[in-house]
Amino acid sequence: MTTPRHTTPDLFENFTMTIGGHAVAGAASYGVVNPTTGEVFAQAPDCSQAELDQAVAAARQAFPAWRATSIADRRRALHAIADTLAAHLDGLMRLLTREHGKTHEISTVDIMGGAWWCRGTSELDLPVIMFEDSDIRRGETRRTPVGVVGAIAAWNYPVLLALIKVAPALLAGNTVVLKPSPFTPLTTLKIGELLRGVLPDGVLNVVSGGDALGPWLTAHPGIDKVTFTGSTQTGRLVAASGASTLKRITLELGGNDAAIVLPDVNVEEVAEPLFWAAFRNSGQVCLATKRLYIHKDIYEPLKAALVAYAKTVKMGDGAEQGTQLGPVQNVAQYKRVLSLIEDAKAQGYKFLTGAEPIDSPGYFIPVTLIDNPPEHARIVQEEQFGPILPLLRFDTVDEAIARANATEYGLGATVWSSDLDTAAQICERLEAGNVWINEAHYLSPFGAFSGPKQSGLGVEGAVEGLLEFTNAKTYYVRKSAAA
Ligand code: NAD
C-alpha cells in the first residue's frame, strides 16, 4: 500500500468516478438533490456504457496482481480503507448529511460503521478444509476469488452498505466495480477518490449514474458476481439479468419486520427503544420495525407512551445540532410514504400522530403512528420505509407469531420481554434471518446476515458472507504414482 495521492480533496465539489485509479468526470452529469431543501446542490457523473466498460476492464486488468497478493496484504488494505474514512470523517459525514438528509450522528454511524466493518472483516480467514489425508492421498478444498465483482448499494446507508460488500470482496482477492444509488452517489464517489493510491489502481472502481447503469452492470459479461442491496422488486430483476451468464449473486432485499411486545415489559422503559427501532434514520432502515404487535394488556399504556415520546422528537435539518430525524431521502420515496398515508386516511384508520406532510420544500413527513389498523391494510402488508408505523393489538402469542410470519419477507424480527427464555422460544418460531431480544438493528461483521423468503438470497457478514465472494477449488493429491 502507498500513501494517499489526495490528502485534502475538496469534499463538496468536483465529483468524479474512479476508474483504474484515475478520475473520470464522465461525458454527462446529473443533479443531486438535497432532500432537506428539495434543491439540486451538486452534479454527479452519469456513467456511459463505454465508461462502464472501462471500469470493468480496469477491474479485470487489476485482478491477477490483486489475487496474487497475500491475505495479510489484503487485510492491511482493509485497515487502510478504514483509516482513510476515519481521517476524513468530518467532511464525509457533512457531505453525507447534505445528500441524504440524515443527521450528522447517523452519517457518522454510516461512515464509521463502514470502517468498523472493514476492520472486522479483515479478521476473517479463508478456510482450507482438508477432508482426506491418507497414505494414498491428500484432499483439500480451498477458496479462490470469483473475479470482478459488481457491487450495487441502496441509498439508506450508502457507505456502510457499500463497504459491507467491498471489504469481503477485496479480502477474498476480487476486484470491484461499485455503484451507489443515483440518489446518494456523492460520498461514495469521494471515498473512491480518497482511496486512489491507497489501493492499487483498478482494485476498486466507483461509477455513478442514472437508472440505466444498474442493469448495464448486472448484465455485463465482464462481471463475474453481483452483490446487490435494494428492494425485493429490483432484486428479482437483478437475478433474472444475471441468469444469462450465470453470475454468482447475493441479494439483500426488503423487509417488513415485526416487533412483538409481551405484557411483562416495563412500558415506560421500552417505549423509547421501540420508537427508535421503528424510526431511526426516519424509518429508512431495512431492519426497522415496520409492524409493532403489542399485547392487549399493555396496548393502551404503551400506545400513550409512544405518542408522548414521539412528540418530544425533533425533526429538521440533519446538519443542525439537536435534530433527531431528517427528511425522507428522495421524492419517489416521499410520494410512496404519502400514498400509504392517503390510503390509511381513505380507509378511515385512526391516526395518533402525524399524517400531514410538513409544509416545506424538503421531503419532510412527520412521525406518523396509526392505531390498530386491520391486518390486510396496506400499511401492514407493505414495506413503508419511512416515518410511519402501525400499532397492532394482539391477544395471544400464537396469534402474534402467525401474524408476524404472514409475509413474503423474512429479514428481521424483534421480541420484547423481561422473560428471556420465553422471548427466545418465540424467536425460534419467527421466520426471519435476524432476530433480536430487547434491542434492534445491531449488526456484527462476525454474524451471518441473511434474508430468507423474498428478503434475499445468500449471506453477508461472517465467514459465510466471505465465502460468497469465492469459488470452491478442490485438490486431490496422490502421494504415490503407484496404482
Ligand atoms: P432499489 O431497488 O430501488 O435500488 C437499489 C439499487 O439498485 C440502486 O443502486 C439502484 O440504482 C439499483 N437498480 C435499480 N434498478 C436496477 C436494475 N434493474 N438492475 C440493477 N440495479 C438496479 O432500492 P432502494 O430504494 O435504493 O432501497 C430501498 C430498499 O432496499 C428497501 O426495500 C430496503 O428494505 C432495501 N434494503 C435492504 C437491505 C438489506 O440488507 N437487506 C439494506 C438496505 C436497504
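Worth saying up front: this structure is predicted, and the values here are computed from it rather than measured.
Thr414 places no side-chain N or O within donor-acceptor distance of the main-chain N or O of Trp436, the cut-off being under 3.5 Å. Between the side chain of Asn438 and the backbone N or O of Leu420 there is no donor-acceptor pair closer than 3.5 Å. In this structure, the side chain of Asp46 does not engage the main chain of Tyr30 through any donor-acceptor pair within 3.5 Å. Judged by distance alone, with hydrogens and angles left aside, the side-chain atoms of Thr84 form no donor-acceptor pair with the main-chain N or O of Leu195 at under 3.5 Å. A donor-acceptor pair under 3.5 Å is formed between the side chain of Gln384 and the backbone N or O of Lys290. The main-chain N or O of Trp155 is found under 3.5 Å from a side-chain atom of His100 such that the two form a donor-acceptor pair. Thr312 places a side-chain N or O within donor-acceptor distance of the main-chain N or O of Tyr309, the cut-off being under 3.5 Å. A distance-only check finds a donor-acceptor pair linking the side chain of Gln333 to the backbone of Phe385 [under 3.5 Å]. Looking at Thr368, its side chain does come within 3.5 Å of a backbone N or O of Ala355 through a donor-acceptor pair. Listed for the Asn434 side chain is a donor-acceptor partner under 3.5 Å among the backbone atoms of Leu411.
Annotation: the span from Lys190 atom NZ to Phe15 atom CZ amounts to 5.5 Å, rounded to 0.5 Å. Between the CG atom of Asn156 and the CG atom of Asn330 there is a distance of 10.5 Å, given to the nearest 0.5 Å. With rounding to the nearest 0.5 Å, the separation of CG in Leu352 from CG in Leu306 is 9.0 Å. Note that CG of Asn372 and CG of Leu392 are 6.0 Å apart. Values are rounded to the nearest 0.5 Å. Residue Glu382 holds its CD atom at 9.0 Å from CG of Asn256, rounded to the nearest 0.5 Å. The structure places OG of Ser122 at 12.0 Å from CG of Leu170, a figure rounded to the nearest 0.5 Å.
Two residues are said to be in side-chain contact when any heavy atoms from C-beta on lie closer than 4.5 Å; Pro215 and Leu237 fail this criterion. By the 4.5 Å heavy-atom criterion applied to side chains, Phe279 and Leu369 are counted as neighbours. When side chains are defined from C-beta on, Asn405 counts as touching Leu430, because their heavy atoms get closer than 4.5 Å. Residues Pro35 and Val328 fail the side-chain proximity criterion, which asks for heavy atoms closer than 4.5 Å. Residues Arg94 and His104 have side chains in contact (heavy-atom distance under 4.5 Å, counting atoms from C-beta outward). At a threshold of 4.5 Å between non-hydrogen side-chain atoms, the residues Val207 and Trp216 do not count as touching. Looking at heavy atoms from C-beta onward, His295 lies in side-chain contact with Phe394 at the 4.5 angstrom threshold. Under the 4.5 Å side-chain criterion, counting only non-hydrogen atoms from C-beta, Ile191 is in contact with Leu92.
In terms of heavy-atom proximity, Ala44 sits nearest to Pro185 at CB-CG, 3.8 Å. Residue Gly101 comes nearest to Pro327 through the heavy atom pair O-CD, 3.4 Å, listed as atom of the first residue, atom of the second, then distance. Taking all atoms of both residues into account, the shortest heavy-atom contact from Cys47 to Met17 is CB-SD, 3.6 Å. Taking both residues in full, the closest heavy atoms of Glu460 and Thr229 are given as OE2-OG1, 4.2 Å, listed atom of the first, atom of the second, then distance. Residue Pro45 comes nearest to Ala25 through the heavy atom pair CB-O, 3.2 Å, listed as atom of the first residue, atom of the second, then distance. The two residues Arg403 and Arg291 have their closest heavy-atom pair at O-NH1, 3.0 Å.
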- [ ] Take Asp264 and Thr422, measure what side chain to side chain contact (heavy atoms under 4.5 Å, CB included) needs, and give me the verdict at the end.
- [x] CA-CA 11 Å; Asp264 63 359; Thr422 302; over 6 Å; no

#### Entry: Stepwise side chain to side chain contact (heavy atoms under 4.5 Å, CB included) check, Glu193 with Leu189
CA-CA 6 Å; Glu193 183 180 336; Leu189 288 166; over 6 Å; no

Test Arg393 against Glu300 for salt bridge (Lys or Arg N to Asp or Glu O under 4.0 Å), laying out the working first.
CA-CA 9 Å; Arg393 184 199 300 255; Glu300 291 302 329; 3.3 Å; yes

- [ ] Using the side chain to side chain contact (heavy atoms under 4.5 Å, CB included) rule, take Phe41 and Thr36 through it: C-alpha gap first, then chi angles, then the decisive distance, then the call.
- [x] CA-CA 11 Å; Phe41 76 102; Thr36 302; over 6 Å; no

query: For Leu262 and Asp419, what are the C-alpha separation, side-chain angles and deciding distance, and is it a side chain to side chain contact (heavy atoms under 4.5 Å, CB included)?
result: CA-CA 9 Å; Leu262 300 190; Asp419 179 345; 6.0 Å; no

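Partner of Ile365 under the side-chain contact (heavy atoms from CB on, under 4.5 Å) criterion, out of Ile341, Ile358, Ile388: Ile341 alone. Each of Thr184, Thr97, Asp110 was scored for a side-chain hydrogen bond (donor to acceptor under 3.5 Å, both in side chains) with Lys102, with one residue passing: Asp110.
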All N/O donor-acceptor pairs, side-chain side in residues 175-182, below 3.5 Å, sequence neighbours left out:
residue, atom, partner, partner atom, Å
Thr175, OG1, Ala59, O, 2.8
Ser181, OG, Phe183, N, 3.1

Side-chain donor-acceptor distances from residues 440-447 under 3.5 Å, at least two apart:
residue, atom, partner, partner atom, Å
His441, ND1, Arg280, NH1, 3.1
His441, NE2, Ala277, O, 2.9
Ser444, OG, Phe446, N, 2.9

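Side-chain atoms of Thr250 and Lys225 form a donor-acceptor pair, as typed in the model, at a separation below 3.5 Å. A side-chain donor-acceptor contact under 3.5 Å links Thr187 and Glu99. Side-chain contact of Thr323 with Asp317: a donor-acceptor pair under 3.5 Å is absent, judged by distance alone.
The environment of CD in Gln233 is sparse: at most 12 heavy-atom neighbours from other residues, nucleotides or ligands sit within 6.0 Å. Residue-environment remark: CG (Asn266) exceeds the threshold of 12 foreign heavy atoms within 6.0 Å. Remark: Lys350 NZ is loosely packed, at most 12 non-hydrogen atoms of other residues, nucleotides or ligands lying under 6.0 Å away.
In summary, Glu342 and Lys335 do not engage in a salt bridge, as defined by a charged side-chain N under 4.0 Å from a carboxylate O. Salt bridge annotation for Glu468-Arg248: absent, with no cationic side-chain nitrogen under 4.0 angstrom from a carboxylate oxygen.
In this structure Asp83 satisfies the salt bridge (charged side-chain N to carboxylate O under 4.0 Å, His left out) test together with Arg119, sequence neighbours excluded.
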